[in-house]
2 protein chains.
Amino acid sequence: MSIRIGILGYGNLGRGVECAVRQNPDMELKAVFTRRNPADVKILTDTAAVCPVSEAPQWKEELDVLILCGGSATDLPAQTPEYAQMFNVVDSFDTHARIPEHFANVDAAAKKAGKTAVISVGWDPGMFSLNRMYANAILPEGKDYTFWGRGVSQGHSDAIRRIPGVKDAKQYTIPVDSALKAVRAGENPELTTRQKHTRECFVVPEEDADQAAIEREIKTMPNYFADYDTTVHFISEEELKRDHDGIPHGGFVLRSGVTGWERENRHLIEYSLKLDSNPEFTASVIAAYARAACRLSREGVHGCKTVFDIAPAYLSAKSGEELRAALL
Amino acid sequence: MSIRIGILGYGNLGRGVECAVRQNPDMELKAVFTRRNPADVKILTDTAAVCPVSEAPQWKEELDVLILCGGSATDLPAQTPEYAQMFNVVDSFDTHARIPEHFANVDAAAKKAGKTAVISVGWDPGMFSLNRMYANAILPEGKDYTFWGRGVSQGHSDAIRRIPGVKDAKQYTIPVDSALKAVRAGENPELTTRQKHTRECFVVPEEDADQAAIEREIKTMPNYFADYDTTVHFISEEELKRDHDGIPHGGFVLRSGVTGWERENRHLIEYSLKLDSNPEFTASVIAAYARAACRLSREGVHGCKTVFDIAPAYLSAKSGEELRAALL
């Protein structure tokens, strides 16, 4: 029985989920729900409907999983508990500090409705979290490191765009190579914010803008840039479009630990991602967890789950026998 | 309630488990079972008993998990089904081709007895399997690569030691750097056995041994060396002891895949391990899965499991709340 998928919100992530669903033969996209005028939203899948968000409740019996592709700031805190009352849902809520609160809200809604919800799915939170957790369980005495990049940070790019005189901008987060090397060498360095990442900004200025003032404003912006070594490049709109149109990202999760009666042996666990498209990779992780949500729901396992709570085999279309024979 | 651990078999792996148990404050080593004369076996933990294997059944009620530290060739195929009739067990069975058969035998025994068994725990099979599986579920269209090393292969070292005129030997398996680089560059190479790994041998010859004959015999040995570029170094017993006393290992699991409507975006997932001590790291993974076996058993989940079947949170001493707050 194929897994019937709905997508709520059709931006980069929603389109990524649409593509991921096509790569999984046991899934079928049935509907995309949008806050825009459905007539204005062109999707890629001929066989799926485009509907206004207000019609979503009518699809209650037609979907196995509804994937929520809104933002973490305002959309998901409201949407995930709301739709978990009607559907099995998966979201990519990524405001780390607010995860406990979001979990509680979604758990209450899903349990009451007998639905299965999986929150904070993607690569961080998501695959990076999993790797931190496995590595911590295996090496209880050790030190964790997470590096992000080289990749585009949407939040930092937006922050630059809000500066007067800036027409457009892209910001790349870049891990400091010497810091990564020190971790890999088992030196267990204590790293400051500045020692872990640098930030590189490509800015299209308005005509006659004060470039020195823009650069100063970027480099001294609290939280976003002040604690980092930041480079600012002014480029033309054409150059931005030509050279910085993609949404690549990635990063590294490392744990360096010791074993042995005298703690005499060192071990390094490293997980890394190099992604051409941040939203499409996030969407691919979400698609696998949508399969898990559907299966858990069919087994009667309800409430809110995270990647920590779901056995790996639930993500795969293969049977236990096939997995043991081919991948163990 | 602390997790009471028994160890059956006190070689490198058994000693590694003993060390790992000490690093996990929620676990306690109660007994080591040995086929040797217990009086001749000195363990590190003052508070644990050393007993003959024949007494293991008497400990049925005293242990939460019995960890089987025998070999995959002859010990575990018999021991794991046998002891799963009395204990929750964890083993590190690593003969990939025979896993389905071993799983079936252990599953039948454990289910009949209402016990929980986890087989094939370690890093390959184990953490490498998990990473292959997650990466396959996330990127259904892609290509897998596993490289091992640089590390000591016990099987290949033993094969050299059986050659007449060889007093002692250590063999290192080494991944070919250019092959790794091609995979990381997204070239999706088709790699032959020879293109993936080289083998380096350090051999202590008997006095007056025919070194040329030994080298020829190693390099042409079917299955073990004939398909690889192999280097042979003759060294003294002192050099072997001084420079090759450790049991390091490690390796790389990579998946290179595509996403997007036109498969236009490429992604690379890489997991790697760099281990000073192969048995101690394997033992550390086993300790985490012993925690899982104990919990699953307390929840009434019986039968045979692999790393694919166990939700990550079961491995950690932390609660769900703590994990979500700290590691998600």
Side-chain angles (χ1 to χ4, degrees), chain A residues 16 18-20 22-24 44 96 99-100 103 120 125 127 129-134 136-141 184 259-261 264-277 280-281 283-285 288 291 306-313 315-317 320-321 323-325 327-328, chain B residues 16 18-20 22-24 44 96 99-100 103 120 125 127 129-134 136-141 184 259-261 264-277 280-281 283-285 288 291 306-313 315-317 320-321 323-325 327-328:
Chain A
E18 181 179 24
C19 295
R22 190 170 71 151
Q23 290 187 293
N24 286 284
L44 303 161
H96 289 262
I99 286 175
F103 182 91
S120 301
M127 297 313 297
S129 323
L130 267 183
N131 276 281
R132 284 188 286 262
M133 210 233 84
Y134 275 117
N136 271 269
I138 294 169
L139 295 175
E141 297 185 65
R184 287 192 184 125
T259 65
W261 200 252
E264 65 272 28
N265 287 312
R266 292 197 307 203
H267 306 277
L268 184 75
I269 304 175
E270 176 170 348
Y271 179 79
S272 69
L273 295 172
K274 204 175 145 210
L275 314 174
D276 270 2
S277 164
E280 286 181 10
F281 187 81
S284 298
V285 181
R291 179 182 291 119
T306 74
V307 294
F308 297 151
D309 307 311
I310 297 177
L315 309 192
S316 173
E321 290 76 16
L323 290 177
R324 285 191 293 276
L327 294 173
L328 196 62
Chain B
E18 180 179 24
C19 295
R22 190 170 71 150
Q23 289 187 294
N24 286 284
L44 303 161
H96 289 261
I99 287 175
F103 181 91
S120 301
M127 297 313 296
S129 322
L130 267 183
N131 276 280
R132 284 188 285 263
M133 210 233 84
Y134 275 117
N136 271 268
I138 294 169
L139 296 175
E141 297 185 64
R184 288 191 184 127
T259 65
W261 201 251
E264 65 272 29
N265 288 312
R266 291 197 306 203
H267 306 277
L268 183 76
I269 305 175
E270 177 169 348
Y271 180 79
S272 69
L273 295 172
K274 202 175 147 213
L275 312 175
D276 269 3
S277 164
E280 286 181 9
F281 187 81
S284 298
V285 181
R291 180 181 291 119
T306 74
V307 295
F308 297 152
D309 306 311
I310 297 177
L315 309 192
S316 172
E321 290 74 16
L323 290 177
R324 284 191 293 276
L327 295 173
L328 196 63

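Everything quoted here is computed from the prediction, not taken from an experiment. Order of the sequence lines fixes the chain letters, A, B, ..., with proteins taken first and strands second; residue numbering starts at 1 for each chain.
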| Minimum-distance pair of heavy atoms, taken over all atoms of A/Leu44 and B/Trp261 | O-CZ2, 3.4 Å
[Y] side chain reached by [X] side chain, heavy atoms, under 4.5 Å:
X: B/Leu315; Y: A/Ile138; answer: no
X: B/Phe281; Y: A/Asn265; answer: no
X: B/Thr259; Y: A/Leu275; answer: no

Sort out for me which of [options] touches chain A most, counting heavy-atom pairs under 4.5 Å.
options: B/Val285, B/Val307, B/Asn136, B/Leu323; answer: B/Leu323
options: B/Ala325, B/Ala313, B/Gly16, B/Ala20; answer: B/Ala313
options: B/Ser129, B/Pro125, B/Ala288, B/Ser316; answer: B/Ser129
options: B/Arg132, B/Glu141, B/Arg266, B/Glu321; answer: B/Arg266

| For the side chain of A/Glu280 and the backbone of B/Gly260, is there at least one donor-acceptor N/O pair under 3.5 Å apart? | yes
Report which part of [X] has an atom under 4.5 Å of a heavy atom belonging to chain B: side chain, backbone, both, or neither.
X: A/Tyr134; answer: side chain
X: A/Ile99; answer: side chain
X: A/Leu130; answer: side chain
X: A/Phe103; answer: side chain
X: A/Asp309; answer: both
X: A/Arg22; answer: side chain
X: A/Thr306; answer: side chain

| query | Side chain, backbone, both or neither: which part of B/Glu18 has an atom under 4.5 Å from a heavy atom of chain A? | reply | both
| note | Most contact-rich option vs chain B, by heavy-atom pairs under 4.5 angstrom, among A/Arg324, A/Met127, A/Lys274, is A/Arg324
| Who among A/Leu139, A/Ile310, A/Leu328 has the most heavy-atom pairs with chain B under 4.5 Å? | A/Leu328
| field | Those residues that, when tested against B/Glu264, pass salt bridge (charged side-chain N to carboxylate O under 4.0 Å, His left out) (two or more places apart) | value | none
| task | Would you please test A/His267 and B/Ser277 for side chain to side chain contact (heavy atoms under 4.5 Å, CB included) and show each step? | result | CA-CA 8 Å; A/His267 306 277; B/Ser277 164; 4.2 Å; yes
| By side-chain contact (heavy atoms from CB on, under 4.5 Å), which residues pair with A/Arg291, not counting sequence neighbours? | A/Ile3, A/Asn24, A/Asp26, A/Met27, A/Arg295, A/Ala317
